[in-house]
Peer 1: 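Let me begin by handing over the structure; questions about it come next.
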Protein chains: 2
Amino acid sequence: MRQTPTEAALTPLEARPSFLLSQLGRYAAERFAHQLRPLGLQPRHFGLLLQLSRAEGQSQQQLADGLGVHRNVMVGLIDELEARGLVERRRHPGDRRANALYLSPTAQRLVQQAERVASAHDRQLVAALSADEQRLLISLLQRVAAHAGLHAGVHPGLQTTHDGEPHAAG
Amino acid sequence: MRQTPTEAALTPLEARPSFLLSQLGRYAAERFAHQLRPLGLQPRHFGLLLQLSRAEGQSQQQLADGLGVHRNVMVGLIDELEARGLVERRRHPGDRRANALYLSPTAQRLVQQAERVASAHDRQLVAALSADEQRLLISLLQRVAAHAGLHAGVHPGLQTTHDGEPHAAG
DNA sequence: TATTGTTATACTCTATAACTATA
DNA sequence: TATAGTTATAGAGTATAACAATA
């Protein structure tokens with residue numbers, strides 16, 4: 001009994017890098033969201049606050065560009081955070097159409113807390129690897145991400161408006 | 001000027017394994033979906049057909065369990081594939097409540113094609129790495145996935161009914 | 001004419017509950 | 001009483017278009 005001619009690569013999914021990445025990425029995101037919940041934050045809020053903590057006074061459009069979300073979505077995100085007293089809309093000095101965004105002291109402390117949650121989550125996620133292996137994994141992932149043309153720190157899950165082709169990977 | 005006491009780990013996102021995994025996982029999934037589109041399939045269809053090609057005659061419930069989706073969702077998936085003549089519902093020999101699912105010859109060829117698309121996608125994704133590094137990456141990811149308690153080949157993105165805690169990672 | 005913030009609308013996904021026919 | 005398949009409904013998330021104020 002010979003091989004079926006139509007027999008192709010029957011690579012099990014769990015040996016495919018794309019499946020492993022997708023599976024683990026989804027898991028990591030869910031898990032992070034869960035551990036962040038006690039702070040009343042979702043991962044997207046964390047990203048927003050983090051970006052804003054790097055440079056306050058940004059407009060909603062600037063922040064949206066930096067995070068890779070559409071400005072329409074940004075309105076709702078800022079609404080939520082402003083309602084909780086974490087972000088403040090002030091008048092933009094140079095452009096009367098735009099809002100200048102600022103963090104409250106509470107939000108600044110919250111970002112620190114969320115960073116600690118993220119670090120704990122990271123440690124837990126790769127706990128099966130040695131310190132050397134952890135560094136190696138990060139380095140390999142960074143190279144794959146760079147080759148894919150992914151912007152550092154910009155999450156495609158927040159991305160909006162895919163004009164068909166999702167980026168381009170030489 | 002000394003360090004601010006509230007200063008915490010300001011690890012950039014692009015150095016966090018969880019962020020890299022989530023970012024790359026999302027990218028890989030989108031990209032795979034895009035490359036699969038010419039076949040008229042979504043990744044979930046591919047997973048279904050693949051699972052069914054391993055063992056035909058399964059019930060919808062069995063297949064749902066194997067893929068980690070709810071049986072309600074399975075109805076719609078099978079509906080779509082049956083309408084395209086890829087999957088057939090037959091009467092289950094042992095249980096008159098259940099359907100026994102079978103692939104058409106067209107579907108069997110389509111699975112082969114989809115596997116080739118997946119392999120090409122994988123090669124492209126990790127093209128920045130040497131062959132040794134590719135194997136290393138897969139091995140590291142598999143260990144992380146095993147430690148997270150992820151079932152081999154079951155994608156959390158298809159999962160349904162999270163009772164709060166997403167799995168458990170020692 | 002283009003851009004910022006905003007609102008409204010539609011569309012996809014997903015979660016939940018309920019129903020039927022069987023077991 | 002529980003299970004397989006099915007259907008309906010509600011909710012989240014996202015995409016698109018449009019509008020007023022300003023550049």
Side-chain angles (χ1 to χ4, degrees), chain A residues 22 26 29-30 33-34 37 41-45 47-48 52 57-83 87-102 154-166, chain B residues 22 26 29-30 33-34 37 42-45 47-48 52 57-83 87-102 155-166:
Chain A
S22 177
R26 184 79 182 219
E30 279 179 6
H34 183 260
R37 193 172 306 164
L41 294 177
Q42 294 176 12
R44 59 185 55 183
H45 298 136
L48 194 162
L52 197 50
Q58 292 182 75
S59 71
Q60 294 182 195
Q61 181 65 64
Q62 283 178 309
L63 205 49
D65 289 342
L67 285 171
V69 309
H70 196 270
R71 67 182 196 281
N72 300 6
V73 179
M74 184 58 60
V75 174
L77 290 176
I78 299 295
D79 281 350
E80 292 167 22
L81 295 172
E82 192 177 39
V87 168
E88 194 188 347
R89 285 174 164 110
R90 301 186 195 160
R91 40 183 6 159
H92 193 105
D95 189 336
R96 288 204 295 176
R97 294 172 303 181
N99 297 324
L101 302 174
Y102 289 87
V154 178
H155 196 291
L158 295 175
Q159 211 93 15
T160 181
T161 308
H162 300 285
D163 31 23
E165 183 83 18
Chain B
S22 176
R26 184 81 181 218
E30 280 178 6
H34 183 260
R37 193 172 306 164
Q42 294 175 12
R44 60 184 56 184
H45 298 136
L48 195 161
L52 196 50
Q58 293 182 75
S59 71
Q60 295 183 196
Q61 181 65 63
Q62 283 177 309
L63 205 49
D65 289 343
L67 285 172
V69 310
H70 196 270
R71 68 183 195 279
N72 298 8
V73 179
M74 184 57 61
V75 175
L77 290 176
I78 299 295
D79 281 350
E80 292 167 23
L81 295 173
E82 192 177 38
V87 168
E88 194 187 348
R89 286 174 163 110
R90 300 186 196 160
R91 39 184 7 159
H92 194 105
D95 189 337
R96 287 203 295 175
R97 294 172 302 178
N99 297 324
L101 302 173
Y102 289 88
H155 197 292
L158 295 176
Q159 211 93 17
T160 182
T161 308
H162 300 285
D163 31 22
E165 184 84 19

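Residue numbers start from 1 in every chain, and the chains themselves are labelled A, B, ... in the order their sequence lines are given, proteins ahead of strands. No experiment lies behind these values; they were computed from the predicted model shown.
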Peer 1: Roughly how many Å is it from CG in B/L81 to P in D/dG5, rounded to a whole number?
Peer 2: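 My rounded result for the distance is 15 Å.
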
Peer 1: Any donor-acceptor pair under 3.5 Å joining the side chain of B/R96 to the base of C/dT22?
Peer 2: no

Peer 1: What is the distance, rounded to the nearest whole Å, between atom CZ of A/R91 and atom C1' of D/dA23?
Peer 2: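 It works out to 16 Å between those atoms.
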
Peer 1: Can you check whether A/L101 reaches A/E88 side chain to side chain, under 4.5 Å on heavy atoms?
Peer 2: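 A/L101 vs A/E88: side chains apart.
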
Peer 1: Please identify each residue that fulfils salt bridge (charged side-chain N to carboxylate O under 4.0 Å, His left out) with B/D95, with sequence neighbours left out.
Peer 2: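 B/R97.
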
Peer 1: Between B/R44 and C/dT14, is there a side-chain N or O to OP1/OP2 distance below 4.0 Å?
Peer 2: yes

Peer 1: What nitrogen or oxygen pairs link the protein and nucleotides 6-8 of chain C at under 3.5 Å?
Peer 2:
residue : atom : partner : partner atom : Å
C/dT6   : OP2  : A/Q60   : OE1          : 3.0
C/dT6   : OP2  : A/Q60   : NE2          : 3.0
C/dT6   : OP2  : A/R89   : NH2          : 2.9
C/dT6   : O4   : A/N72   : OD1          : 2.7
C/dT7   : O4   : A/N72   : ND2          : 3.3

Peer 1: By the definition side-chain contact (heavy atoms from CB on, under 4.5 Å), identify the one residue from A/L52, A/N99, A/V73, A/L48 that meets it with A/I78.
Peer 2: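 Testing A/I78 for a side-chain contact (heavy atoms from CB on, under 4.5 Å) against A/L52, A/N99, A/V73, A/L48 leaves exactly one candidate, A/L48.
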
Peer 1: Calculate the interatomic distance between B/D95 atom CG and C/dA21 atom C1'; express it in whole Å.
Peer 2: 10 Å

Peer 1: To the nearest Å, how far apart are B/M74 CE and D/dT7 P?
Peer 2: 15 Å

Peer 1: For A/Q61 and D/dA23, give me the distance from atom CD to atom P, rounded to whole Å.
Peer 2: 16 Å

Peer 1: Output the rounded distance in Å from CZ (B/R97) to C1' (D/dA4).
Peer 2: 6 Å

Peer 1: Could you tell me which non-hydrogen atom of A/G57 sits nearest to which non-hydrogen atom of A/H92, and how far apart they are?
Peer 2: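 Heavy-atom minimum between the residues: O-CE1, 4.0 Å.
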
Peer 1: May I have the step-by-step check of side chain to side chain contact (heavy atoms under 4.5 Å, CB included) for A/D65 and A/M74, ending in yes or no?
Peer 2: CA-CA 10 Å; A/D65 289 342; A/M74 184 58 60; over 6 Å; no

Peer 1: What do the steps show when you test B/V87 against B/L77 for side chain to side chain contact (heavy atoms under 4.5 Å, CB included), and what is the final call?
Peer 2: CA-CA 10 Å; B/V87 168; B/L77 290 176; over 6 Å; no

